[in-house]
*Asks:* 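Take this structure first; my questions come after.
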Amino acid sequence: MPPFASGLLVLTAPLPALPRRAAGLVAAAAGLVAGPLYVHLQPGLRLGGPSAGPAAPPAGPALLRALAALYTAAAARRGLDLRVLLGPGRRLARQPGVLLARLAAAAYGCPPSLPALLLGEDAAGDAGGDPVGDPEQDPDAALPEFLDVAVGGTFDRLHGAHRLLLSACCLLARRRLLAGVADGDLLRHKVLPELIEPYELRVAKLREFLEDVKPSLCYDIVPLADPFGPSVTDANLQCLVVSQETRRGGEAVNKKRLENGLPELALHEIQLMKDPDHHQNEEEKISSSSLRQRLLGTLLQPPRQDPALPLRPYVIGLTGGTGSGKTSIAKLLGHLGAFVIDADKLGHAVYVPGGPAYEPVVAAFGAEILNEDGTINRKVLGAKVFGNQERLKSLTDIVWPKIAQLAKERIREAEAQGKAVCVLDAAVLLEAGWQDMVHEVWTAIIPEEEAVRRIVARDGLTEEAARRRLQSQMTNRQRVEQSQVVLCTLWEPDITRQQVQKAWDLLQQRLSPEPGP
């Protein structure tokens, strides 16, 4: 664990030199600081000499290239919260614990007693041997300035590309930045929308970053319920910042503005940032969807702490909606060594003549649910309770406790066999309240359209019937909110296998005893 919770890194190398040095500088600082790591650029400043205080470098292409290099370097070190400061102002949101340069800490709102360290010659500002500029760029080029600038996005888990985009906005704006944050239906077709942070949390993180980076601006952060938001009605706006993939959206904004009798906005395009560590099935650019994919199989919230639960076997409750691929995940976990309990099979067992639910169900729903051989006709029973919440609850009140009883017996069998991990594969785990029987809930999710396609192909239902079945179940988001681990079978089987292996490996780490002193 890095020794400092946060830090301030002052870089004095010329801006054209930073792209070559960024990876080493960020790596060295990341070894000392957990985050946030604030960065202030003061090209040409002599460390230890007289200083007039922090001064922002000129806003031009060289600065944007330096920012891109620093944020790309930070992206290679997952979890590093890098913030390049673009102007002096209020105190930083989280006070640095170390100053990585010999400068007056008070200039940044830090206590004078703040410890100071040097990272080495590069971090100390040695500019020798570096190019002084890009021959294809005008060294005196400057970015245009606008009073009011707009930008839009999901801004989920602020990553390097977000930070570069927002920094460019801060450089372009003189008075106000209007930031639209996507919400509601705009999130529906995103990759893994269930893992997108809540709107309020995204806004709080966005505001903190912006007010740290350039506190002199006014930040107007609003929800976006459609692709346009106030960008097509705000007469004060002068510029819209876009990326290569959102430029067409910017052009659509200008078309709407003209229809509304407003002048077009200048479209300032920022280059996409390549992800230095993208994996199979992920985008080559740094993106929130790739970051959400990397959350699959990881621990999203702490396991339940219930003294009534024995530590062994460690019980995983595996759930998911129809068509989610839950059964295939259970099989993979079984191959990895887990003792798998199929709650659906236990459900069939409680209905058989002599089973624990047989007589109570017949007494409650009548002999007309029986076949000629005395077995319960599940289709007839299902027709009796379908669409009738009161009758359905009467049935589940009888059946679910009986299934839970059998599941507990199977868990004791796993214990007798010396199994370390037991998986309770149960579609109704959360609805039945069986999470009290498990240490962790693992949920399989799939987009609704893919689930409908699978149900139609597997069960021969119409698309409408498949949708009705899904709509009668708990939503993916409701399941995810109650889960420790989330998995998704949307992609190729090998991707699912990798997710399950990662989840299993991380589980083994959690179950390993802490090393002694």
Side-chain angles (χ1 to χ4, degrees), residues 75-76 78-79 154 156-157 159-161 187-197 245 272-301 316-338 340 342 421 423 425-427 429 440-458 466 470 473 475-477 479-510:
R78 292 185 184 178
T154 307
D156 180 40
R157 295 175 174 83
H159 51 64
L187 305 181
R188 181 182 299 176
H189 298 295
K190 298 285 185 181
V191 175
L192 300 170
E194 302 85 0
L195 297 180
I196 294 177
E197 293 175 317
E245 62 182 14
L272 296 172
M273 287 174 59
K274 289 190 175 181
D275 189 336
D277 195 29
H278 78 276
H279 297 157
Q280 180 186 3
N281 222 57
E282 293 179 351
E283 297 181 270
E284 290 189 9
K285 66 182 179 69
I286 295 177
S287 72
S288 296
S289 62
S290 294
L291 296 182
R292 290 194 294 275
Q293 284 179 247
R294 292 170 195 172
L295 291 175
L296 296 172
T298 67
L299 192 67
L300 299 180
Q301 56 181 312
I316 301 298
L318 176 62
T319 190
T322 304
S324 65
K326 173 179 62 65
T327 301
S328 63
I329 290 172
K331 289 179 180 177
L332 290 170
L333 289 169
H335 293 152
L336 289 170
V340 179
D342 186 338
V421 177
V423 173
D425 174 6
L429 181 89
E440 297 180 18
V441 175
W442 291 17
T443 290
I445 61 173
I446 200 77
E448 182 178 309
E449 293 305 316
E450 176 62 15
V452 167
R453 188 191 67 77
R454 292 181 183 185
I455 295 168
V456 169
R458 183 190 66 192
L470 286 172
Q473 299 176 359
T475 66
N476 282 341
R477 187 173 293 278
R479 288 192 176 94
V480 167
E481 288 172 353
Q482 302 180 63
S483 301
Q484 274 73 35
V485 174
V486 174
L487 301 157
C488 180
T489 63
L490 176 61
W491 303 282
E492 297 85 354
D494 189 51
I495 300 295
T496 301
R497 194 174 299 109
Q498 291 174 27
Q499 286 178 37
V500 174
Q501 184 69 59
K502 177 169 73 170
W504 180 261
D505 291 344
L506 292 173
L507 174 64
Q508 300 312 304
Q509 292 178 23
R510 294 198 289 280

*Asks:* So which atom in I329 and which in A444 form the shortest heavy-atom distance, rounded to 0.1 Å?
*Replies:* CD1-CB, 3.7 Å
*Asks:* Charged N to carboxylate O below 4.0 Å: is that the case for K502 and D505?
*Replies:* no
*Asks:* Checking R477 side chain against L195 main chain: does a donor-acceptor pair fall under 3.5 Å?
*Replies:* no
*Asks:* Grab the two heavy atoms, one from I446 and one from G323, that are nearest each other, plus how far apart they are.
*Replies:* CG2-O, 3.9 Å
*Asks:* Apply side-chain contact (heavy atoms from CB on, under 4.5 Å) to residues H159 and L291 and explain how you reach the verdict.
*Replies:* CA-CA 9 Å; H159 51 64; L291 296 182; 3.7 Å; yes
*Asks:* For C488 versus T496, what's the shortest heavy-atom pair and its separation?
*Replies:* O-OG1, 4.0 Å
*Asks:* Go through the steps to decide whether R497 and E492 satisfy the test side-chain contact (heavy atoms from CB on, under 4.5 Å), and finish with yes or no.
*Replies:* CA-CA 9 Å; R497 194 174 299 109; E492 297 85 354; over 6 Å; no
*Asks:* Taking C-beta and beyond as the side chain, do N476 and T443 meet within less than 4.5 Å on heavy atoms?
*Replies:* no
*Asks:* Give a yes or no answer on whether the side chain of Q301 reaches the backbone of Q484 with a donor-acceptor pair at less than 3.5 Å.
*Replies:* no
*Asks:* Of all heavy-atom pairs between L487 and A503, which one has the smallest distance, and what is that distance?
*Replies:* CD2-CB, 4.3 Å
*Asks:* Taking only residues two or more places apart in sequence, or in another chain, which ones meet A426 in a side chain to side chain contact (heavy atoms under 4.5 Å, CB included)?
*Replies:* A343, L424, L429, W434
*Asks:* Who passes side chain to side chain contact (heavy atoms under 4.5 Å, CB included) against Q508, sequence neighbours left out?
*Replies:* V421, W504
*Asks:* Mind checking salt bridge (charged side-chain N to carboxylate O under 4.0 Å, His left out) for E440 and listing every partner two or more places apart, or none if nothing turns up?
*Replies:* R510
*Asks:* Who pairs with D156 by side chain to side chain contact (heavy atoms under 4.5 Å, CB included), at least two apart in sequence or on another chain?
*Replies:* T154, I196, E197, R202, S288, R292
*Asks:* Going from CG on L332 to OG1 on T489, what distance comes out if it is rounded to the nearest 0.5 angstrom?
*Replies:* 10.5 Å
*Asks:* Mind checking salt bridge (charged side-chain N to carboxylate O under 4.0 Å, His left out) for E450 and listing every partner two or more places apart, or none if nothing turns up?
*Replies:* R453, R454
*Asks:* Taking only residues two or more places apart in sequence or in another chain, which ones pass side-chain hydrogen bond (donor to acceptor under 3.5 Å, both in side chains) with E245?
*Replies:* K285
*Asks:* Can a donor-acceptor pair be found, under 3.5 Å and without considering hydrogens, that links the side chain of Q482 to the backbone of V441?
*Replies:* no
*Asks:* Which pair of non-hydrogen atoms, one from A161 and one from M273, has the smallest distance, and what is that distance?
*Replies:* CA-SD, 3.6 Å
*Asks:* If you define the side chain from C-beta out and look only at heavy atoms, does anything of L296 sit under 4.5 Å from L192?
*Replies:* yes
*Asks:* Can you tell me how far CG of D494 sits from CD of Q501, rounded to the nearest 0.5 angstrom?
*Replies:* 11.0 Å
*Asks:* Take V485 and L300, measure what side-chain contact (heavy atoms from CB on, under 4.5 Å) needs, and give me the verdict at the end.
*Replies:* CA-CA 6 Å; V485 174; L300 299 180; over 6 Å; no
*Asks:* Mind checking what makes salt bridge (charged side-chain N to carboxylate O under 4.0 Å, His left out) contact with R157, not counting sequence neighbours?
*Replies:* none
*Asks:* Test your reading of the model: is there a side-chain donor-acceptor pair from T319 to the backbone of A427, 3.5 Å cut-off?
*Replies:* yes
*Asks:* With sequence neighbours excluded, tell me which residues meet side-chain hydrogen bond (donor to acceptor under 3.5 Å, both in side chains) with R458.
*Replies:* none
*Asks:* With sequence neighbours excluded, what pairs up with S289 under the side-chain hydrogen bond (donor to acceptor under 3.5 Å, both in side chains) test?
*Replies:* E283, S287
*Asks:* Determine whether L299 and L506 make a side-chain contact, defined as any pair of heavy atoms from C-beta on separated by less than 4.5 Å.
*Replies:* no
*Asks:* If I compare all heavy atoms of A451 with all of L470, which pair ends up nearest, and what's the gap?
*Replies:* CB-CD1, 3.8 Å
*Asks:* Please identify each residue that fulfils side chain to side chain contact (heavy atoms under 4.5 Å, CB included) with E449, with sequence neighbours left out.
*Replies:* R467
*Asks:* According to side chain to side chain donor-acceptor pair (under 3.5 Å), does anything in residues 324-338 pair up with another residue at least two apart or in another chain? List the pairs.
*Replies:* K326-D425
